[in-house]
Each structure stands twice: as structure tokens, then as C-alpha cells.
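For reference, the structure discussed in these notes is given below.
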Amino acid sequence: MDLQPHRFPASATPVADLLDTIRRKRTKDIDWRRGRAFCLIYHPGDEREHAIKQVFDQYYADNALNPTATPSLAELESEAVSMCADLFHADADACGNITTGGTESILLAVKTARDWAGKNKPHIKRAHAVVPESVHPAFMKAFQIMEVDYTAVKVGGDYRADVAAMERAIRPETILLVGSAPSYPFGVIDPIADIAALAQQRGLLCHVDACIGGFMLPFLSDIGYDVPAFDFRVAGVTSLSADIHKYGYSPKGASVILYRSHDLRRHQFSLYTKWAGGIYASPTITGTRAGGNIAGAWAALRTIGREGYVEMAKATMAATEQLKQAAADIPELKLMGRPDMSIVTVQSDQIDVYMLADELNKKGWHFERQQLPPSLHFTVNYIHRDIMPEFIADLKSCIATVRDQRLAQLGNKLQTSVVKGLSKILPDGAIARLQKNSTPDINNENKAAMYGMMGALSGTDDLEQIVLDFLDTIYTAKPE
Ligand SMILES: Cc1ncc(COP(=O)(O)O)c(C=O)c1O
């Protein structure tokens, strides 16, 4: 029998050694502290981070599951929820909870909708939701776990939800409509007022996913941007999710799920009253609830405050405008849609954007590569306030490099077309089996060919097998 590559520690390792190991390992990570990552991380500056951490540390070991054991955490959570309900213009009947992130908030919104329908529309055997295809995949995860059917409707030419198409997708079993403020891939706000009006007309629930925009859009209104109402001001909006760990700048592991009424939230809770271990009541998906995350979210809202968020939104938008201007000025790039806040996506019909991404990665910049169509996605936040001129200079020089790489591009195209051709003639799963020993390597600098190939396989069983292999490999320990 082969042994595990890492044996269970027989004795204590001094913390200095552990920190050494971490320092070594972290050299592989994205360098976000210097503003070189346009994804995953939101940073409010060192001073604010220090303040939030001090509060976080007070609850390092605490569990918010039992509110009678740590009533202080239940208070911090309810206060944070109330502050958010106020930000999103909800009245006194609104309520909600702090969750671990956007995905948990969305899982809960879908569970609530399903169980609300179970009580109020008992004739529906299996519930159905209508979403624009641009919604975050957290919804697809939620629909799968909660056993709710869904229809994902094509977005319009402006990448916003097509409400007429959503209306056509409504069935007798439909219980929920969803809109994003804004959507992750394109950074544009769906027509929330129209979606919510449609939901109200048809007696459906309407969830607004403001996970990424919730802590930017209100402050953009304050500094003169034209932001359409997307929150509880809109009659018909019944729930809303907003991530405090994104533009709320709290430590990771904090989002808020809000409902228009207490009646609706009752369907979110899970109870089991026949357990030998006692009456088990849990407000969210997880059992144990990390106290630090909740306290950290409360601390971020309190220590930053509206003035701080407005200041950060201003600096973020100044950096965003520089990036948008660069995308408009560089002939090879094209902005996708008209971003409503600080999420910018560019595509090109002249250069291979995945090759451009490889070149920028070599210079230490990180961001997301998107597909359908191939595009590059930049989430700009406060940490980028001074870095844009350096990034734009590198962007221009990398474009010059890939413009000259016709030969390599041809090689990449050739590989993509070979895969395309093969995938037509080989049986399902065959490409994945061919790929089995060459699972995509995230540390490989040249990912353009890999992304080109994945694009060619988009939506196929082969691509799913490749991605499953990838996950299986990356979450398996390797020897030091
Ligand atoms: C619009 C939107 N919804 C939901 C999520 C999921 O959030 P999380 O990754 O915190 O689970 C994201 C994440 O980027 C998002 O942008």
C-alpha cells in the first residue's frame, strides 16, 4: 500500500518553521498586496485592515451556532444585517443573516423560495426558476442542491437580462425570477425594476444578486453616477444578497442575505426537533458558524462607514475610468457592454486575448480569462488606485508582443482546430481520456493553448471530464 505523501505530525513544529514554509509556498501566489491582481481580493488599505483584524481576533475561536452561548455574536450579526437593510432601503420588517459568502446567500435564497412555494403553492411538485444566463454559477449549484429546475435565458445585445424572454420562459411551476446588480461576467445591471414588476404581476418571488455590486452601487449614487434602483425601493424585490467580503472589504467569509419580510425568512431556517442531542436549529447552511467572520463583517461596516466607502468608491472609479479609456484607445481591444461600475471586460477580434493574458501573467498581473466569447475580466477595487498607469503601460507592451506572434498564434489555432475536429469524430469522453495525463497545469505560464482548447470543447462532456480531473489533481497532496 502506498503511503500518503504527508504523514500525520508526530510532534509540534515551531511556529517560525511554519511561517518559513508559508513564506516559501506563498511565492507561488498572486501578488495582490501590490495591486497586481484584478480578481478574488478586495483590500481596504493596511490601516483599515489592522482595525478590522483586531475585532476579528476577539472571536477567533468562537462559534455563532448557538446564540444563547454567544449572545454578543447574535447581536453583532443582527446589527450588521440591520445596517445592510438600511443601506438597501428596506423597511423595519426586513431581516436576514450573515453567511459565509455569495454562494451560501444564494443557496439560502433558493431554499427559501422553494420552501415558500411548498407552503403557498402546494400544487407545484418541482419548482422552477427563470434566470438570465449571465447569473453567477452559484445559482446553478443552488438549483442542483435544492432540486429546483431552471431556465437560463439569453441576455440582450447589451448583455443585460432580456425581460421579455424571461417572461416567455415562465411556466406554471415557476416560483422565482433573478436579476444581477451587476452580473459578474459583464459588470452590467439587469433591468431589476422590470424583472421585479413581472414577478409581482405573476405572484413570484424576485431575488436580486447584488453580491458583487451591493457595496459599490449605493456609494456610486452618492458621487453622482446614474445608478438605477436595484434594491428594496423596487416593489416586487423579495430578497437580495450582497457580499461584505467583496466591496464591503471585510475578511473573507461574509455576505448578507436579506428578505423583505420575516414571514419569508422563516423558510430559510433548518430545524430538527427529534434529535437525542437536543433541539437543533440552524439559521444558515453551515452548522458551526465562524464568529470571527461575523465580527469582522460588523467591524468593516463600522470602521469604514459611508464616508470611507464613498472615498474608496471614488478612488476605485478613477482607476476604472483609466482602464476603460485605455480599452477605448487601444485599437486591438474592445470593451464588452457598458460597465455600470468597476468591472471591466475586454475582447478582441484582432489578437488572441488568451495570449495577451499569458504575456501579462509573465509580468506578474492576474485577472480572469472568460469564454463565450474569449475575453479578459478585470475587477478593479481600492487597491488599484495608484497602479493603473503601470498596468496600462504593460498592457500596451504586451499587445505589441502578441501582435508579433503570428506564428505561435497559428500553432494555437491549429491545436484548437485539431481538438475541434477530433471532438466531432471521437466518442464522448475520448478527448478527456486522451488528456488524462496532461491535466491543465495552472502554474504553467503558457495557458493560451489550454484555454483555446477548452473553448473548442465548451459545453461538452469532454471538457467536464478534463475539469473534474483538474479539481481532483489540484486537491490531492503532493510530496514536498
Ligand atoms: C454576482 C455574483 N454572485 C455570486 C457570487 C458568488 O460569491 P462567493 O464566491 O462569495 O460565493 C459572485 C462571486 O464573484 C458574484 O460576482
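The figures here come from the full heavy-atom set of this structure, side chains too, leaving out hydrogens, waters and symmetry mates. Just so you know, ligand 1 is whichever comes first in the structure, and atom 1 is the first atom listed for that ligand. In this chain, numbering begins with 1 at the start of the sequence shown.
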Could you list, one pair per line, each nitrogen or oxygen of ligand 1 together with any protein nitrogen or oxygen closer than 3.5 Å, giving atom names and the distance rounded to 0.1 Å?
from	atom 1	to	atom 2	distance (Å)
ligand 1	3 (N)	D209	OD1	3.4
ligand 1	3 (N)	D209	OD2	2.7
ligand 1	7 (O)	D243	OD2	3.4
ligand 1	7 (O)	K246	NZ	2.9
ligand 1	10 (O)	G102	N	3.0
ligand 1	10 (O)	D243	OD2	3.4
ligand 1	10 (O)	H245	NE2	2.9
ligand 1	10 (O)	K246	NZ	3.1
ligand 1	11 (O)	G102	N	3.4
ligand 1	11 (O)	T103	N	2.7
ligand 1	11 (O)	T103	OG1	2.5

ring-ring contact (aromatic ring centres under 6.0 Å, His included) contacts in which one or both residues fall within residues 222-264, not counting sequence neighbours: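 ring-ring contact (aromatic ring centres under 6.0 Å, His included) check on residues 222-264 returns Y42-Y247.
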- prompt: Does anything in residues 177-201 pair up under ring-ring contact (aromatic ring centres under 6.0 Å, His included), and if so which pairs, sequence neighbours excluded?
  reply: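 As it turns out, the ring-ring contact (aromatic ring centres under 6.0 Å, His included) pairs with a partner in residues 177-201, which skip direct neighbours, are Y159-F186, Y184-H377.
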- prompt: Are the charged groups of D263 and K119 less than 4.0 angstrom apart, N to O?
  reply: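 Judged by the 4.0 Å cut-off on N to carboxylate O distance, D263 and K119 do not form a salt bridge.
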Check ion pair E311-K314 (N to O, under 4.0 angstrom):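 No salt bridge links E311 with K314.
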Close aromatic pair by centroid cut-off 6.0 Å: F38 and F367: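 Centroid distance F38-F367: not below 6.0 Å, so no.
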message: Show every side-chain hydrogen bond (donor to acceptor under 3.5 Å, both in side chains) that has at least one partner inside residues 91-102, sequence neighbours left out.
response: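 Matches after skipping sequence neighbours: E77-N97, N97-R265, N97-Q268, T99-S105, T100-E104.
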